[in-house]
Amino acid sequence: MNGLSAEEQRERLAELDPEAVAELEADDEGDDHDLPDLPNADAYDEIRMRAAPNPNGPWHIGHARMPAVIGTYAERYDGSFIVRFDDTDPETKRPDIDAYDAILDDVEYLGFEPADVIRASDRVETYYEYARDLIELEGAYTCTCPGEEFSELKNAGEACPHRDKNPETVLAEFEAMVDGEHEAGDIVLRVRTDIDHKNPALRDFVAFRMVDTPHPREEAADYRCWPMLDFQSGIDDQLTGVTHIIRGIDLQDSAKKQRFVYDYFGWAYPEVIHWGHVQVDAYDVALSTSTLKEKIAAGEYDGWDDPRVPTLKSLRRRGVRGEAIVNAMVELGTSTSDVDLPMSNIYAHNRELVDDETDRAFAVREGVRFDIAGGPDTAHPPLHPEHPDRGERTIPVGDAVFLEPEDVPEPGERVWLKGYGPFGREGDTLVYTDESIAVVRERGVPVVHWAPVEESVSLRLRTMDGDVACFAEPGVREYDPDALLQFERVGFARVDAHDDRETTCYFTHS
RNA sequence: GCUCUGGUGGUGUAGUCCGGCCAAUCAUAUCACCCUCUCACGGUGAUGACCAGGGUUCGAAUCCCUGCCGGAGCACCA
């Protein structure tokens, strides 16, 4: 057997023990991805998942987890996912009209395409239909108890007086809700679950309530009777063929509540996975859309793509590839405990994606000026050290250069200007010494990056810690906005804009 | 108070269902060395974990009990 190739061994094994081969192949498969298998995946013809954001602002980094994971699952199982905006609260969690498109942009940036995009606020009539059906099945009742009173009864495991109304009465009262004949707080429609269920969270929850504030979307502005998340989401998951739901641990009880509705209708509940919260390091601000919104409105940040802000728009502007974020998110898996995602992880994935194809350039931060004496007129460092075939840059040196303060040699010491040549410091002048590269290899002369004074480009490097004034080599102006560069010994940066005075780049990571 | 649900190196993850191949996998991180006209990339090595205590067993990260610590829900928010 040892004399055979792996292929032959496997064929041979197939004859002897087909099941063992299947197992081997399953193992091989397992090495290709980090995410665990979807529960009970074989039971479904097509895997269907959904991202159900509340459109209250552009996404922060944590939001990337949902599309990253369900998009990856969809690809792996040859299934699909939809984006469904759960925008059924026009007041407390009022949708931001711009957020719908902003979120879809973010999904695209991550590299995924939803099979469909729907908005709950377009589907209110549908929810009404199912509510009517549920009422007829005696699965829901209208209730005018003040919230606090009901809460007390519920905690005691006691039914309120409205629970036993007949369906005809309930239906009539519900139609009055639909017609907007009530005001917020006056009446709700409750699902009849189990009033003394041992878990108080599951007892007769609210399915519809009145909201006085019109929905910001014109198409939905006339509705006053709005479904609650647990009802709306449950109906939609069934209607859109969702087979697997992933959601946060804060919604752990949702499935249990929705099962009561599913049971009334005779539906099978989808598979469900709960995961914990994601926390990201490296930022001063919390991963919270509402907090970000406040601080941006207050002028503390320039906008949703300010480099100091933990949003996807910010990472995008900084030149981080969506794929890097996806890779990092997929590595987090789907565990129920809270997880910390270090930004260094996203950076490591990004570096892996971009390092090989990114041109190199020089940018000097807070440059110190030195005159140059001797040496060739131009320097020709390669565009990429590992790909000399891609060509080289041309930097006109002029008669002075900038060095970073940390790279300044002591008087009498030498320094190798990268891609240019060896110099010794005499006062404020760097004098060309015409030595070979051996001084670097054998004598340990430091190799530093530099920029010419005369033909330098003023460059503003926007970083998470604020803006840094730099001088860059002239070739930087040739790159179109959106290009990625690696400033040698500084780090990666995305070219953002050029104007008459300066070039702006966003720092990606080291 | 009631009800869920977790706890593997700094971080994430594999292993836990069906105890032994686990003196615990892989990645990232940090440090060192090598490579190098970058502090990038690449290579080598090091660091570093089964929440605690009992029990069952020839054998426990894995099963049982207790404790400790954490997260979540009990909204006319999502």
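From a predicted model like this one, the values you see are computed outputs, not experimental measurements. Quick note: numbers below take in every heavy atom, side chains included, and nothing from hydrogens, waters or symmetry partners. Quick note on labels: first sequence line is chain A, next is B, and so on, each numbered from 1.
Results of the salt bridge (charged side-chain N to carboxylate O under 4.0 Å, His left out) test with A:K257 over A:D204, A:D230, A:D194, A:D263 single out A:D230 as the only residue that passes.
Considering all non-hydrogen atoms of both residues, A:M177 and A:M210 come closest at O-CE, 3.4 Å. Looking at every heavy atom in both residues, A:A120 comes nearest to A:T88 through CB-CG2, 3.7 Å.
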Please assess A:V339 against A:W275 for the test side-chain contact (heavy atoms from CB on, under 4.5 Å), listing each intermediate value before the final yes or no.
CA-CA 9 Å; A:V339 293; A:W275 61 23; over 6 Å; no
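Checked for salt-bridge contact, A:D87 and A:R119 miss the test: no charged N lies under 4.0 Å from a carboxylate O. Looking at A:D355 and A:R360, a side-chain N of the basic residue comes within less than 4.0 Å of a carboxylate O on the acidic one, giving a salt bridge. Using a 4.0 Å cut-off between charged side-chain N and carboxylate O, A:R365 and A:E404 make a salt bridge.
Proximity of A:K154 to the phosphate of B:A75: a side-chain N or O atom is located under 4.0 Å from OP1 or OP2. Close to B:A78, at under 4.0 Å from its OP1 or OP2, lies a side-chain N or O of A:R209. Close to B:U36, at under 4.0 Å from its OP1 or OP2, lies no side-chain N or O of A:R441.
Residue contacts shown for A:T88 are limited to sugar-phosphate atoms, with no base heavy atom under 4.0 Å away. Residue-level contact check: A:D338 touches the backbone only, with heavy atoms under 4.0 Å from sugar-phosphate atoms and none from bases. Within 4.0 Å of A:L202, counting heavy atoms only, lies no atom of the nucleic acid at all. Contacts of A:C225 with the nucleic acid, taken as non-hydrogen atoms under 4.0 Å apart, are absent. Counting any heavy atom pair closer than 4.0 Å across all strands shown, A:V188 reaches a base atom. When heavy atoms are screened at a 4.0 angstrom cut-off, A:P385 is found touching base atoms of the nucleic acid. When heavy atoms are screened at a 4.0 angstrom cut-off, A:D340 is found touching the sugar-phosphate backbone but no base atom. At a threshold of 4.0 angstrom between heavy atoms, the contacts of A:N199 include nucleobase atoms, whether or not backbone atoms are also involved. Nucleic acid contact class of A:I437 (heavy atoms, under 4.0 Å, all strands): base. Heavy atoms of A:L229 sit under 4.0 angstrom from at least one base atom. Across all strands shown, A:G276 has no heavy atoms under 4.0 Å from either base or sugar-phosphate atoms. Using a 4.0 Å heavy-atom distance criterion, A:F487 is classed as making no nucleic acid contact. Residue A:T358 is out of contact with every strand shown, counting any heavy-atom pair closer than 4.0 Å. No contact: A:S510 has no heavy atom under 4.0 Å from any strand.
For A:K93 against B:C77, a side-chain-to-base donor-acceptor contact under 3.5 Å is present. Within 3.5 Å, no donor on the side chain of A:E331 pairs with an acceptor on the base of B:U28, nor the reverse. You'll find a donor-acceptor pair under 3.5 Å spanning the side chain of A:R360 and the base of B:U38, going by distance alone.
The side chain of A:R351 approaches B:C41 more closely than any other nucleotide in the set B:C39, B:A75, B:C41. In the set B:U5, B:C41, B:G73, the nucleotide with an atom closest to the side chain of A:D250 is B:G73.
Evaluation of the salt bridge (charged side-chain N to carboxylate O under 4.0 Å, His left out) rule for A:E392 yields no partner, not counting sequence neighbours.
Atom name C1', nucleotides B:C2 and B:G55: the rounded distance is 31 Å, in whole Å.
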Pairing pattern in dot-bracket form [Watson-Crick, G-U; both distances under 3.5 Å; | = partner strand] for RNA chain B
(((((((..(((.......[.....)))((((((.......))))))...(((((..]....))))))))))))....
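Per the geometry, CG belonging to A:N350 stands 15 Å off C1' belonging to B:U28, to the nearest Å.
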